[in-house]
There are 2 protein chains.
Amino acid sequence: MSIDRRSGCPINLSLEVFGDRWSLIILRDMIFGGKRHFRDLLNGSLEGIASNILADRLKRLMELGMLTRADDPTHKQKAIYSLTEMAITLVPILAHLGAWGRVWLPVSEELSIRAELLEKGGPPMWEKFMDELRHEHLGTPSDTPPDATVRATLQTGYEAVVARKAPGAGRDADA
Amino acid sequence: MSIDRRSGCPINLSLEVFGDRWSLIILRDMIFGGKRHFRDLLNGSLEGIASNILADRLKRLMELGMLTRADDPTHKQKAIYSLTEMAITLVPILAHLGAWGRVWLPVSEELSIRAELLEKGGPPMWEKFMDELRHEHLGTPSDTPPDATVRATLQTGYEAVVARKAPGAGRDADA
DNA sequence: TGCAACTGATTGCAAAATGCAATTGGTTTG
DNA sequence: CAAACCAATTGCATTTTGCAATCAGTTGCA
């Protein structure tokens, strides 16, 4: 578990944090999908993570300082996971990664609309989104969260694509 | 081998390309270290990749369209590996990744100076660097390669740090 | 000519990671 | 009180990784 320190190179160390098949998927679902609970992450992601792997990665990401865990006051067994600032600052990287993937890989339209909107929004949109995440996850009570959130924008765009592709359906499964 | 297609999400597909412990290290050494041969990559990287893993990843990266392989005219057995445009456009992602790692991870100064210079240079420097790489790897004969290359700048910065840390030594091992 | 050093790999094997299904002890809902 | 749900944990088969030794061919040098 935890980190290896093969070398002090920034790229190598970054890879040791999320250079595996699941860590970044989990962070993606928390950041863009708003998932906060074990079950949400387990059933919610399109890729189908196994529960033991999910448990392992959540633990590891906590050890690395990317996540925190707290008891959910509404449910004695429920744990609520939060992103730390360290994880929130991954947003620009995820945006770039999404943009790169859209160009070079066989992405599906439904799943890449968010990457496209995020790319079009550019750094100003990323900053706004990061502030929203800080609100949700770090509980900064400084200013009130804005009405028109970036997440809502991304979600609306996604639903528009789904509705266009399958008229009459939509509005249900998130990805 | 090759790709899994767990989902068409751009981030997932990107992870399927280089979401392992070695692919991005190899690309880093080719991009920033100028490594083009099997032995360079095998002995040159600080992290110490095994030869079977290196062979496997080179093959895989070729299948994915990130690298090409050609015979070296100066040596009948030597193969020379080149980056494709697909790989060259990873530069901004690597720059971001390096910047993120410098902030949040226990990087060593010698190995992060390049990331720092690249961060300070910003997108204009990245573009210049990508053009240099296109020259070296894609053989675009359009304009002549500039005298003051970004790679030389990065290398000079690296040597300055090494010389400052170990006066009298330096100038040898690359990383 | 002969031989060491070097070329891009390949093989065998142990260790670790992954994936899957079933299960755990407990909580909440109807 | 039972069914559904909660965050995990366990056992086990499969896959991937890491290490060391080895391969056949090429080159450089004496």
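Remember, predicted model here, so these are calculated numbers, not experimental data. By convention in this document, chain letters (A, B, ...) are assigned in the order of the sequence lines, proteins followed by strands, and residues within each chain are numbered from 1.
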For atom [atom1] of [X] and atom [atom2] of [N], their distance in whole Å:
| X | N | atom1 | atom2 | result |
| --- | --- | --- | --- | --- |
| B:K78 | C:dA5 | NZ | P | 17 Å |
| B:N43 | D:dA20 | CG | C1' | 15 Å |
| A:H37 | D:dA7 | NE2 | C1' | 12 Å |
| B:L42 | C:dA5 | CG | P | 18 Å |
| B:E47 | D:dC19 | CD | P | 12 Å |
| B:E16 | D:dT16 | CD | P | 13 Å |
| A:D40 | D:dC6 | CG | C1' | 11 Å |
| B:D72 | C:dG8 | CG | P | 9 Å |

Practice task
Could you pick out which residue, A:A79 or A:R6, lies toward the 5' side of DNA chain D when each is mapped onto its nearest nucleotide?
Solution key: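 The residue whose closest nucleotide sits nearer the 5' end is A:A79.
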Problem - salt bridge (charged side-chain N to carboxylate O under 4.0 Å, His left out) partners for A:R39, two or more places apart - result: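 Checked A:R39 against salt bridge (charged side-chain N to carboxylate O under 4.0 Å, His left out); zero matches.
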Handout entry: Residues that A:E116 engages under salt bridge (charged side-chain N to carboxylate O under 4.0 Å, His left out), provided they are two or more places apart
Key =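 With neighbours one apart ignored, the set is A:R102, A:K120.
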Exercise for the section: List the protein contact pattern of nucleotides 24-30 of chain D with one symbol per nucleotide (5' to 3'): B for base contact, S for sugar-phosphate-only contact, - for none; contact means a heavy-atom distance under 4.0 Å. Expected result: BBSS---
Exercise for the section: Inspect the contact between A:E132 and A:R151 and indicate whether a charged nitrogen and a carboxylate oxygen are less than 4.0 angstrom apart. Expected result: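 A:E132 and A:R151: not salt-bridged.
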Exercise for the section: Could you tell me whether B:R21 and A:D20 have a side-chain N and a carboxylate O separated by less than 4.0 Å? Expected result: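 A:D20 and B:R21: not salt-bridged.
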Quick one: side-chain hydrogen bond (donor to acceptor under 3.5 Å, both in side chains) partners of [X], sequence neighbours excluded?
| X | result |
| --- | --- |
| A:D72 | A:T74 |
| B:R69 | none |
| A:E127 | none |
| B:S82 | B:R36 |

Report, one pair per line, the protein and nucleotides 10-14 of chain C atoms (nitrogen or oxygen only) whose separation is under 3.5 Å.
from	atom 1	to	atom 2	distance (Å)
C:dT10	O4	B:S51	OG	2.6

Problem - Pair A:F129 and A:F32, ring centroids less than 6.0 Å apart - result: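 Here the rings of A:F32 and A:F129 have centres that are less than 6.0 Å from each other.
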Exercise for the section: Just jot down the side-chain contact (heavy atoms from CB on, under 4.5 Å) partners of A:P73, sequence neighbours excluded, or say none. Expected result: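 Counting only residues at least two positions away or on another chain, A:P73 forms no side-chain contact (heavy atoms from CB on, under 4.5 Å).
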Exercise for the section: Taking side-chain contact (heavy atoms from CB on, under 4.5 Å) as the test, write out the residues that go with B:Q77, two or more places apart. Expected result: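 Checked B:Q77 against side-chain contact (heavy atoms from CB on, under 4.5 Å); matches are B:H75.
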Just distance, no hydrogens or angles: give the donor-acceptor pairs under 3.5 Å from side chains in residues 87-100 of chain A, sequence neighbours left out.
from	atom 1	to	atom 2	distance (Å)
A:T89	OG1	A:E85	O	3.2
A:T89	OG1	A:M86	O	2.9
A:T89	OG1	B:W100	NE1	3.1
A:T89	OG1	B:W104	NE1	3.0
A:H96	NE2	B:H96	NE2	2.9
A:W100	NE1	B:M86	O	3.1
A:W100	NE1	B:T89	OG1	3.1

Practice task
Classify the nucleic acid contact of A:R57 as base, sugar-phosphate or nothing, counting any heavy atom under 4.0 Å across all strands shown.
Solution key: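 It contacts sugar-phosphate atoms only.
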Exercise for the section: Estimate the overall bend of the helix from C:dT1-D:dA30 to C:dG30-D:dC1 from the end axes over five pairs each, rounded to 10 degrees. Expected result: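 Answer rounded to 10°: the end axes differ by 20°.
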Practice task
Tell me whether the OP1 or OP2 atom of C:dG19 has a side-chain N or O from A:W22 closer than 4.0 Å.
Solution key: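 Checking A:W22 against C:dG19: at least one side-chain N or O falls below 4.0 Å of OP1 or OP2.
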Practice task
Please determine if a side-chain N or O atom of B:R39 lies less than 4.0 Å away from the OP1 or OP2 oxygen of C:dG8.
Solution key: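 Yes, because at least one side-chain N or O of B:R39 sits under 4.0 Å from OP1 or OP2 of C:dG8.
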